[in-house]
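Have a look at the structure below before the remarks.
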Amino acid sequence: MTVLSYAEPLPAWRLTFYAPVASFRDPFFPGLTRGLPVPPPSTVRGLLAAATGAPYESLAFGMAAWSEGEGVDAETYHPIDAGGANPAVSGRVRPGKGGMTLRSRPFLTGVHLTVWLPGEAGDRVARAFRRPQWGLRLGRSQDLVHLEERVEVVLAPVSEAVVGSALAPASAHDVPYAVTHRMAASVSVDRMSTRWTDYLWCDRPAGRHPVRGAFEDTDYQGKGQALWLLEP
């Protein structure tokens with residue numbers, strides 16, 4: 001994974017989002033509906049592209065995410081048989097083997113997402129959120145997300161900072177209880193190819209730790225936050 005780093009402070013926009021409910025399926029568990037605890041970077045790129053109206057946004061950005069709770073819902077699936085043995089009527093198929101079935105769907109509640117957009121590209125994307133071209137969603141089409149704050153900040157390169165809920169490269173820090181999640185960094189416009197990357201994420205604040213290739217937003221929540229600029 002490519003991580004951008006700079007020797008000088010970097011101007012950026014910090015955007016804070018809130019989604020009442022969201023669900024991020026882990027594609028590495030086929031046949032199961034295991035959920036991810038944070039949105040993949042590819043999902044965030046889709047959010048940025050919805051604001052600008054572009055097919056794809058390739059700028060580097062930092063992100064942090066956490067949720068207030070979680071649950072499991074029961075969803076009804078109506079797979080359509082390619083051979084026509086169980087045709088759909090008004091969008092529904094009969095229950096039975098290969099027909100209508102219930103599956104568990106993990107979801108998160110009270111999802112908080114912060115995105116840092118640096119440089120000129122970040123300025124362009126951040127300003128697009130004043131009047132988004134498309135509806136803002138975080139993942140599935142029904143998972144609406146709300147922009148709560150949009151402020152200009154300065155990111156400073158650091159070797160030690162508060163490791164909170166930011167998504168980090170696999171070698172970015174040594175917090176012992178950080179979990180590695182393999183997620184989509186980006187998806188091609190035709191959705192035929194996906195770039196997978198390993199990321200570190202902490203489910204609770206970790207305090208100050210040595211970091212590598214990181215920036216710090218010293219104004220974030222009054223205590224600062226380490227973040228990493230991730231490319232697709």
Side-chain angles (χ1 to χ4, degrees), residues 1 3-5 10-20 22 24 35-48 51 57 59-70 108-118 122 125-126 129 136 138-139 143 145-158 160-175 177-186 197-232:
M1 176 177 56
V3 181
L4 296 187
S5 59
L10 182 65
W13 285 88
R14 182 179 69 221
L15 279 62
T16 304
F17 300 91
Y18 175 78
F24 313 109
L36 292 166
V38 292
S42 61
T43 296
V44 176
R45 291 194 181 278
L47 173 64
L48 304 182
E57 288 293 347
L59 78 163
F61 62 80
M63 62 170 285
W66 62 279
S67 62
E68 299 173 12
E70 60 184 359
L108 303 174
T109 60
V111 180
H112 299 262
L113 169 68
T114 303
V115 180
W116 288 268
L117 304 172
V125 175
F129 278 92
L136 301 182
L138 195 61
D143 295 339
V145 64
H146 310 280
L147 176 63
E148 294 187 313
E149 184 182 51
R150 188 178 66 101
V151 297
E152 292 183 274
V153 298
V154 175
L155 307 179
V158 291
E160 182 179 292
V162 173
V163 177
S165 54
L167 216 58
S171 59
H173 59 73
D174 299 315
V175 175
Y177 56 81
V179 178
T180 300
H181 296 281
R182 189 162 183 80
M183 295 187 288
S186 58
T197 303
D198 291 334
Y199 298 96
L200 286 175
W201 182 73
C202 298
D203 63 356
R204 60 186 186 274
R208 296 192 69 84
H209 283 268
V211 292
R212 294 175 285 275
F215 287 86
E216 183 179 26
D217 180 351
T218 57
D219 294 328
Y220 183 71
Q221 296 184 348
K223 60 182 178 181
Q225 163 80 58
L227 64 111
W228 289 263
L229 298 182
L230 310 174
E231 286 195 318

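Note: hydrogens, waters and symmetry copies are ignored here, and every other heavy atom, side chains too, is used.
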side-chain hydrogen bond (donor to acceptor under 3.5 Å, both in side chains) partners for Glu57, two or more places apart:
Thr52, Arg124
Could you walk me through whether Leu15 and Leu147 satisfy the side-chain contact (heavy atoms from CB on, under 4.5 Å) test, starting with their C-alpha distance in whole Å, then the side-chain angles of each, then the deciding distance to 0.1 Å, before giving a yes or no?
CA-CA 7 Å; Leu15 279 62; Leu147 176 63; 4.1 Å; yes
In short, Asp143 meets Ala22 closest at the heavy-atom pair OD2-CA, 3.5 Å
Using every non-hydrogen atom in the two residues, find where Ala60 and Glu231 come nearest and quote the distance to one decimal.
CB-CG, 3.9 Å
Nearest-0.5 Å distance that lies between atom CG in Leu200 and atom CG in Leu167:
8.5 Å
Rounded to the nearest 0.5 Å, what separates atom CZ in Arg212 from atom CH2 in Trp228?
9.0 Å
Which heavy-atom pair separates Gln225 from Gly164 by the least distance, and what is that distance?
NE2-N, 3.4 Å
Distance-minimising heavy-atom pair for Ala226 and Val211
CB-CG1, 4.4 Å
Is the closest side-chain heavy-atom distance between Val111 and Thr109 below 4.5 Å?
no
What are the two closest non-hydrogen atoms of Leu108 and Pro37, and how far apart are they?
CD1-O, 3.4 Å
I need the Thr218 OG1 to Leu155 CG distance, nearest 0.5 Å.
9.0 Å
I'd like to know if Asp217 pairs up with Lys223 as an ion pair, taking the criterion as any Lys NZ or Arg NE/NH1/NH2 lying under 4.0 Å from an Asp or Glu carboxylate oxygen.
no
If we only count heavy atoms from C-beta on, is the Trp13 to Arg150 side-chain gap below 4.5 Å?
yes
Would Tyr220 and Trp116 satisfy ring pair (Phe, Tyr, Trp, His ring centres under 6.0 Å), going step by step from the backbone distance to the final call?
CA-CA 11 Å; Tyr220 183 71; Trp116 288 268; 5.4 Å; yes
Which heavy atom in Trp201 sits nearest to a heavy atom in Ala166, and how many Å separate them?
CD1-O, 4.1 Å
Would you call Thr16 and Val151 a side-chain contact if the rule is heavy atoms closer than 4.5 Å?
no
Would you check if Phe24 and Pro40 make a side-chain contact, meaning some heavy-atom pair closer than 4.5 Å?
yes
Rounded to the nearest 0.5 Å, how far apart are OG of Ser165 and CG of Asp203?
10.5 Å
Heavy atoms, side chains only, cut-off 4.5 Å: are Pro210 and Asp174 in contact?
no
Separation between OG (Ser42) and CE (Met183), nearest 0.5 Å, reads 8.5 Å
Are Arg204 and Tyr177 in a cation-pi setup, meaning NZ or CZ lies under 6.0 angstrom from the ring centre and within 45 degrees of the ring axis?
yes
For residues 61-68, which side-chain N or O atoms pair as donor and acceptor with protein atoms under 3.5 Å away, sequence neighbours left out?
unit_1: Glu68; atom_1: OE2; unit_2: His112; atom_2: NE2; d: 2.7

side-chain contact (heavy atoms from CB on, under 4.5 Å) filter on Glu160, not counting sequence neighbours, yields Arg208
What is the distance from atom OG1 of Thr197 to atom CZ of Arg182, rounded to the nearest 0.5 Å?
6.5 Å
Donor-acceptor contact present, side-chain Arg14 to main-chain Thr114, <3.5 Å
no
Answer whether the closest heavy-atom distance between the side chains of Val38 and Leu113 falls below 4.5 Å.
no
